[in-house]
J.: 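Next up is a structure, given as structure tokens.
We use all heavy atoms of the structure for the numbers below, so side chains are in, but hydrogens, waters and symmetry mates are not.
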Amino acid sequence: MAAAQRVVIENAAIATVDAHDTEYAEGHVVIAGNRIESLGAGRAPEGLENVVRRVDATGHLVTPGLVNTHHHFYQWITRGLATDHNLFDWLVALYPTWARIDEPMVYAAAQGSLAMMARGGVTTAMDHHYVFPKTAGDLSGAIIRAARETGVRFTLARGSMDRGEKDGGLPPDFAVETLEGALAATEATVGQHHDPSSDAMTQVAVAPCSPFSVSTELLKEGAELARRLGVRLHTHGSETVEEEKFCQEQFGMGPTDYLESTGWLGEDVWMAHCVHMNDSDIAAFARTGTGVAHCPSSNARLAAGIARVPDMLAAGVPVGLGVDGTASNESGELHTELRNALLVNRLGKHREAALNARQALRLGTYGGAQVLGRAAETGSLEPGKLADLVLWKLDTLAHASIADPVTALVLGAAAPVTASFVNGRQIVENGRLLTVDEDAIARSTRQEAQRLARIAAGG
């Protein structure tokens with residue numbers, strides 16, 4: 001550490017989100033290279049060598065960077081469509097358009113999705129991409145390239161679908177892959193892009209889309225592939241009552257029992273949504289260490305329901321937050337999910353005792369790192385962990401009269417991000433990205449959205 005360049009942050013409130021929820025009303029963080037070297041109350045230690053920058057963070061709260069655990073980047077260019085549909089009707093309405101995406105569209109959409117999250121405090125992102133039209137180009141490579149350019153830590157969940165309409169699934173037949181093709185392409189993506197190291201910037205997970213868009217064989221063989229390659233597994237589960245009905249009719253059991261029968265419960269698995277879970281389902285997730293990506297805004301947008309997050313947490317289920325695709329959460333921000341997770345869950349049976357502000361922050365940071373299998377290295381502010389952290393400005397009109405900074409961050413208006421660091425590198429300054437041109441991305445995403453709309457309309 002002695003030779004590493006250091007950045008010293010001082011005079012900030014700090015919420016570490018460590019195992020003890022340690023907080024400092026006024027403290028410091030020292031970054032050395034890509035790691036947190038030290039943190040604590042008061043000023044930084046004297047005599048530090050190689051200090052290249054000192055940040056006076058008066059009026060700020062420092063937290064771990066936000067961790068997004070579920071997203072579909074390509075949907076950035078189909079926002080604002082089918083706004084009054086439930087999940088199944090929404091999918092049927094949009095699959096014919098999504099099946100016409102290509103590499104330039106996916107690259108632009110990934111840029112837009114990543115930029116929106118990163119400028120709002122996300123330091124670790126993921127994308128569940130499962131639409132691979134023939135001759136569309138290198139879609140996985142385009143997504144990973146966008147993530148590297150943005151500068152965020154990233155997991156690509158290489159998705160797949162092989163159950164089209166003729167097999168009783170929802171996607172049109174021209175939008176799905178073969179079983180063999182999906183498995184081979186997934187294995188190739190892991191081999192080309194997955195970095196297993198502890199400070200990896202890019203990792204890959206195996207991610208067949210959902211019980212109603214993939215065959216039982218793809219689920220089983222996908223799980224076997226992931227475990228042979230030593231990577232994580234991701235899919236959708238228990239999102240809607242329609243999915244419950246589908247699984248009962250097709251397989252004679254609910255989604256959790258069906259997924260367990262195909263090898264899809266375990267410490268290396270996380271599932272998106274998990275809205276319609278009974279006590280037995282939650283116990284199965286807790287027993288196996290299966291994680292959950294909670295997406296409150298998307299669940300509300302698609303009228304899916306309220307996930308039983310307080311019960312999951314009480315049972316010991318790992319839970320993180322997800323933006324979900326921006327065709328069902330048009331804001332594309334994870335910060336809003338902190339607030340919505342707290343508010344939406346208070347509409348459930350636990351009412352005001354459902355979640356508090358610190359639990360919401362934990363869902364969006366350490367909980368997300370747990371779900372992605374990266375909690376040993378990120379998700380909390382502790383010496384030796386990766387320097388993924390955010391400085392939230394809380395001394396302006398929007399927050400200055402809220403005494404508790406964590407409450408201000410979670411329940412207040414979206415707080416400005418003065419600085420965001422990923423792997424020790426600053427990627428946001430005063431709410432603007434330092435790594436990419438936001439205005440250029442806005443133009444390219446609009447152009448690609450218009451091009452996709454013309455192609456889908458036959459023009």
J.: Looking just at side-chain N and O atoms, do Tyr107 and Tyr74 make a donor-acceptor pair shorter than 3.5 Å?
T.: no

J.: Listing request: all salt bridge (charged side-chain N to carboxylate O under 4.0 Å, His left out) pairs with a residue in residues 435-448, at least two apart in sequence or in separate chains.
T.: Arg119-Glu438, Arg432-Glu438, Arg432-Asp439, Glu448-Arg451

J.: Quick one: do the Thr418 and Glu429 side chains pair a donor with an acceptor below 3.5 Å?
T.: no

J.: Do His294 and Asn345 pair up side chain to side chain, a donor and an acceptor below 3.5 Å, judged on atom types alone?
T.: yes

J.: Step through the shown structure and confirm whether more than 12 heavy atoms of other residues, nucleotides or ligands are within 6.0 Å of NZ on Lys393.
T.: yes

J.: So, for Trp270 and His70, is the gap between ring centers shorter than 6.0 Å?
T.: no

J.: Hydrogens and angles aside, do Asp311 and His350 bring a side-chain donor and acceptor to less than 3.5 Å of each other?
T.: yes

J.: Could I get the full list of salt bridge (Lys or Arg N to Asp or Glu O under 4.0 Å) partners for Glu221, not counting sequence neighbours?
T.: none

J.: Aromatic contact between His234 and His128, with the criterion being ring centroids under 6.0 Å apart: yes or no?
T.: yes

J.: So, the side chain of Asp173 versus the backbone of Glu165: is there a donor-acceptor pair under 3.5 Å, distance only?
T.: yes

J.: Using the rule given for side chain to side chain contact (heavy atoms under 4.5 Å, CB included), can you reason through Ser238 versus Thr256, listing the C-alpha separation, both sets of side-chain angles and the distance that settles it, and then say yes or no?
T.: CA-CA 7 Å; Ser238 301; Thr256 298; 3.8 Å; yes

J.: Any side-chain to backbone donor/acceptor pair from Thr435 onto Thr150? Under 3.5 Å, distance only.
T.: yes

J.: Do side-chain atoms of Thr290 reach the backbone of Gly266 as a donor and acceptor pair under 3.5 angstrom?
T.: yes

J.: Backbone N or O of Cys295 within a donor-acceptor pair of the Ser298 side chain at under 3.5 Å?
T.: no

J.: Is it true that the side chains of Ser210 and Ser213 contain a donor and an acceptor less than 3.5 Å apart?
T.: yes

J.: Is there a donor-acceptor contact under 3.5 Å linking the side chains of Asn340 and Ser297?
T.: yes

J.: My understanding is that only one of Thr124, Val422, Asp127, Asn68 makes a side chain to side chain contact (heavy atoms under 4.5 Å, CB included) with Phe154; could you say which?
T.: Asp127

J.: Apply the test side chain to side chain contact (heavy atoms under 4.5 Å, CB included) to residues Val67 and Leu372: give CA-CA distance (whole Å), side-chain angles for both, the deciding distance (0.1 Å), then the verdict.
T.: CA-CA 9 Å; Val67 179; Leu372 294 183; 3.7 Å; yes

J.: Are more than 12 heavy atoms from other residues, nucleotides or ligands located less than 6.0 Å from atom CD of Glu267?
T.: no

J.: Is Arg228 salt-bridged to Glu187, going by a charged N under 4.0 Å from an acidic O?
T.: yes

J.: Does Arg163 make a cation-pi contact with Phe212, if we ask for NZ or CZ under 6.0 Å from the ring centre and within 45° of the axis?
T.: no

J.: Between the side chain of Thr235 and the main-chain N/O of Cys209, is any donor-acceptor distance below 3.5 Å?
T.: yes

J.: Output yes when a side-chain donor or acceptor of Asn329 lies under 3.5 Å from a complementary backbone atom of Val323, and no otherwise.
T.: yes

J.: Under 6.0 Å between ring centres: does that hold for Trp90 and Trp98?
T.: yes

J.: Is a side-chain donor or acceptor of Thr336 paired with a backbone partner of Glu333 at a separation under 3.5 angstrom?
T.: yes

J.: Taking the six-membered ring for Trp, are His129 and Phe73 ring centroids under 6.0 Å apart?
T.: no

J.: Under the 6.0 Å and 45° cation-pi test, does Arg158 pair with Phe132?
T.: yes

J.: State whether Arg308 and Asp279 are salt-bridged, where the test is any N-O pair (Lys NZ or Arg NE/NH1/NH2 against Asp/Glu carboxylate O) under 4.0 Å.
T.: yes

J.: When you measure from the side chain of Glu103 to the backbone of Asp138, do you find a donor-acceptor pair of N or O atoms at a distance under 3.5 Å?
T.: yes

J.: If I compare all heavy atoms of Leu302 with all of Glu239, which pair ends up nearest, and what's the gap?
T.: CD1-OE2, 4.2 Å

J.: Checking the side chain of Trp264 only, and the main-chain atoms of Leu219 only, is there a donor and an acceptor separated by less than 3.5 Å?
T.: yes

J.: For a quick check under 3.5 Å, do Lys385 and Ser380 share a side-chain donor-acceptor pair by atom type?
T.: yes

J.: Using 0.5 Å steps for rounding, measure from the OG1 atom of Thr365 to the CG atom of Leu334.
T.: 10.0 Å

J.: Using the ring centroid of each side chain, check whether His236 and His72 are separated by less than 6.0 Å.
T.: yes

J.: Are any of the side-chain nitrogens in Arg153 or Glu377 under 4.0 Å away from the carboxylate oxygens of its partner?
T.: no

J.: Please test His71 against Ser113 for side chain to side chain contact (heavy atoms under 4.5 Å, CB included), starting from the C-alpha separation and ending with a verdict.
T.: CA-CA 9 Å; His71 210 314; Ser113 297; 4.0 Å; yes

J.: Is there a donor-acceptor pair under 3.5 Å between the side chain of Arg79 and the backbone N or O of Glu330?
T.: yes

